[in-house]
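Throughout, protein chains are lettered first and strands after them, A, B, ... in sequence-line order, and every chain is numbered starting at 1. Computed from heavy atoms alone, side chains included, the values below leave out hydrogens, waters and symmetry copies.
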There are 2 protein chains.
Amino acid sequence: MTRPTETPRRTPLSTERVLRAAVALADTIGIEALSMRRLSQELGVVPMALYKHVAHKEELLDGMVDAVVGEIDPPRSGAQGMTAVRGRILSARRVLSRHPWASRVIESRTAPTPALLAYMDSMIGMFRADGYSVDLTHHAMHALGSRLLGFSQELFDQSPDVDPGVREAGLRAMATAYPHVVEIAVRADHDGRSVVGQGCDDQFEFEFSLDLLLDGFERLRARGWRSTG
Amino acid sequence: MTRPTETPRRTPLSTERVLRAAVALADTIGIEALSMRRLSQELGVVPMALYKHVAHKEELLDGMVDAVVGEIDPPRSGAQGMTAVRGRILSARRVLSRHPWASRVIESRTAPTPALLAYMDSMIGMFRADGYSVDLTHHAMHALGSRLLGFSQELFDQSPDVDPGVREAGLRAMATAYPHVVEIAVRADHDGRSVVGQGCDDQFEFEFSLDLLLDGFERLRARGWRSTG
DNA sequence: ACCTGAACACCGTTCAAGT
DNA sequence: ACCTGAACACCGTTCAAGT
């Protein structure tokens, strides 16, 4: 027998299989725990085997970003203008929320990956088709920033949900040092919008700022704004 | 002789000295290269000596953030309302640009540090003093996000300045695949606003979106907007 | 020519041994 | 009681030895 039957015949490695496994593993164990060694173990190969498919870890991360960005829906053929832009950004948000590590990895890229460029290009095209000047579109892209992909940089990650009693005690303790912060936190708790009745409603906050920006763009376009004489 | 004179008498370690050295070292060699071992070497002590002043590396990073945020000017006593808010945010931007690693470290914090809380509290106070409701102020804080500290999350870091000829060749190569992206990039190159005459003017983009948001807040306040009935 | 085990140069942090 | 060298359990990646 040239190939012993006890040896499990593995699906041969391919760049695609490596990337898919990496995305799935990051979803499961988190991006901090994703190492070349851990990934190779998951795929049942020796660590060095990965280096035939990616030059180094950075290239792996690039590929993972492209895989995720590729999940974003194309523009819906029906909608137009800012409605279409809004819908697509909210679709990107749904994709990115399935891969919580993706936003951090995207931020850490120094050069845009192909899928990111294609997404940007198509998004810019939606503005241009709606009558936006090159100039205004340019600044709109910067203003949207990471919101284009459905996430936004908050100052710190939401603290993990704690017991309401503990949270209230914490807020009481902070009330003298940071009265304004506490006032807002208490208000958010009793707003009743959030599922658990405490903390902020991320989706509401995202749409609030997105709409503020989109409205601002529309206003500037309407009055023929230009950045330079 | 109880203490040999050849032994250099070191300034004894203190948490403050550790933090100051860490900030200076990160400014010099970059945050990726800053390790506990490298920092201890810089201070002329054994690595473990640091652990008397910080419980672990995360605590060191927290302290570094607080040191940087502490550099931000207090609100100018003269100005009021959105003018004061705008000025303070631009002051934060100047501080953060002196420590390019700081924005990334701030983003990675899971809980706010004391100096961050104090800054937030004072910023919220400026809105409240200007007649903003708790509700609107809350959403304004989320909308500003990292812009509150003078940075904003772009989709990818500006690619390092390259030779104009190389850049133009690159753009030409991308023109068919990403026509809209290239159109904007070319426009930015000939805008003449940027120092080197190529790429985007970060400061302009920052102020563009900041003002779009501040204008939006003012408009909502003026018409008595509330998020819930 | 291909594949891979061992090794290198690092990490952050624990722990026990030395003073 | 304090301090610290050695060690542990990891990294990403190089490289030379084995097939």
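Taking atom CG of Leu39(A) as the reference point, atom C1' of dC11(D) lies 14 Å away to the nearest angstrom. For Glu59(B) and dT13(C), the CD to P distance is 10 Å, given to the nearest whole Å. Spacing between atom CE of Met36(A) and atom P of dT4(C) amounts to 15 Å, rounded to whole angstrom units. Atom CG of Leu50(B) and atom P of dG5(D) are 13 Å apart (whole Å). In this structure, Leu60(A) places its CG atom 14 Å from P of dC11(D), rounding to the nearest Å. Taking atom NZ of residue Lys57(A) and atom C1' of nucleotide dC11(C), one finds them 13 Å apart after rounding to whole Å. Straight-line distance from the CD1 atom of Ile31(A) to the P atom of dG12(D): 11 Å, rounded to whole Å. Between the NE2 atom of His56(A) and the C1' atom of dG12(D) there is a distance of 11 Å, rounded to whole Å.
Every residue two or more places apart in sequence or in another chain that forms a side-chain contact (heavy atoms from CB on, under 4.5 Å) with Ser35(B) is listed here: Arg37(B), Arg38(B). Under the rule for a ring pair (Phe, Tyr, Trp, His ring centres under 6.0 Å), the partners of Phe208(B) that lie at least two apart in sequence or sit in another chain are His139(A), Trp225(A). Residues satisfying the side-chain contact (heavy atoms from CB on, under 4.5 Å) criterion with Thr15(B), sequence neighbours excluded, are Leu19(B), His53(B). Every residue two or more places apart in sequence or in another chain that forms a side chain to side chain donor-acceptor pair (under 3.5 Å) with Ser209(A) is listed here: Arg147(A). Residues passing the side chain to side chain donor-acceptor pair (under 3.5 Å) test with Glu59(B): none are found, sequence neighbours excluded. With sequence neighbours excluded, the residues satisfying side chain to side chain donor-acceptor pair (under 3.5 Å) with Arg20(B) are Glu16(B). Taking the side-chain contact (heavy atoms from CB on, under 4.5 Å) definition, one finds that Glu107(A) meets it with Phe151(A), Gln153(A), Glu107(B), Gln153(B), sequence neighbours left out. Looking at residues two or more places apart in sequence or on another chain, you find a side chain to side chain donor-acceptor pair (under 3.5 Å) between Asp27(B) and His99(B), Trp101(B).
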Revision key, fill the gap. A correct 5'-to-3' footprint of nucleotides 14-19 of chain C, with B, S and - meaning base, sugar-phosphate only and no protein heavy atom under 4.0 Å, is BB----

Name every donor-acceptor pair, under 3.5 Å, that has one atom in a side chain of residues 62-69 of chain A and the other anywhere in the protein, sequence neighbours excluded.
{"from": "Asp62(A)", "atom 1": "OD1", "to": "Arg109(A)", "atom 2": "NH1", "distance (Å)": "3.0"}
{"from": "Asp66(A)", "atom 1": "OD1", "to": "Thr113(A)", "atom 2": "OG1", "distance (Å)": "2.3"}
{"from": "Asp66(A)", "atom 1": "OD1", "to": "Ala115(A)", "atom 2": "N", "distance (Å)": "3.2"}
{"from": "Asp66(A)", "atom 1": "OD2", "to": "Ala115(A)", "atom 2": "N", "distance (Å)": "3.4"}

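Checking dG12(D), dT4(C), dT4(D) against the side-chain heavy atoms of Val46(B) singles out dT4(D) as nearest.
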Shorter than 3.5 Å, N or O on both sides, protein versus nucleotides 8-10 of chain D: list them out with atom names.
none

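Using a 4.0 Å cut-off between charged nitrogen and carboxylate oxygen, Arg93(B) and Glu207(B) do not count as a salt-bridge pair.
For the strand DNA chain C, secondary-structure stems (runs of at least three Watson-Crick or G-U pairs, all distances below 3.5 Å) span C:4-8 with D:12-16, C:12-16 with D:4-8.
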**Study point:** Trace of the side-chain hydrogen bond (donor to acceptor under 3.5 Å, both in side chains) decision for Ser91(A) with Arg76(A)
**Key:** CA-CA 10 Å; Ser91(A) 150; Arg76(A) 297 192 53 189; over 6 Å; no

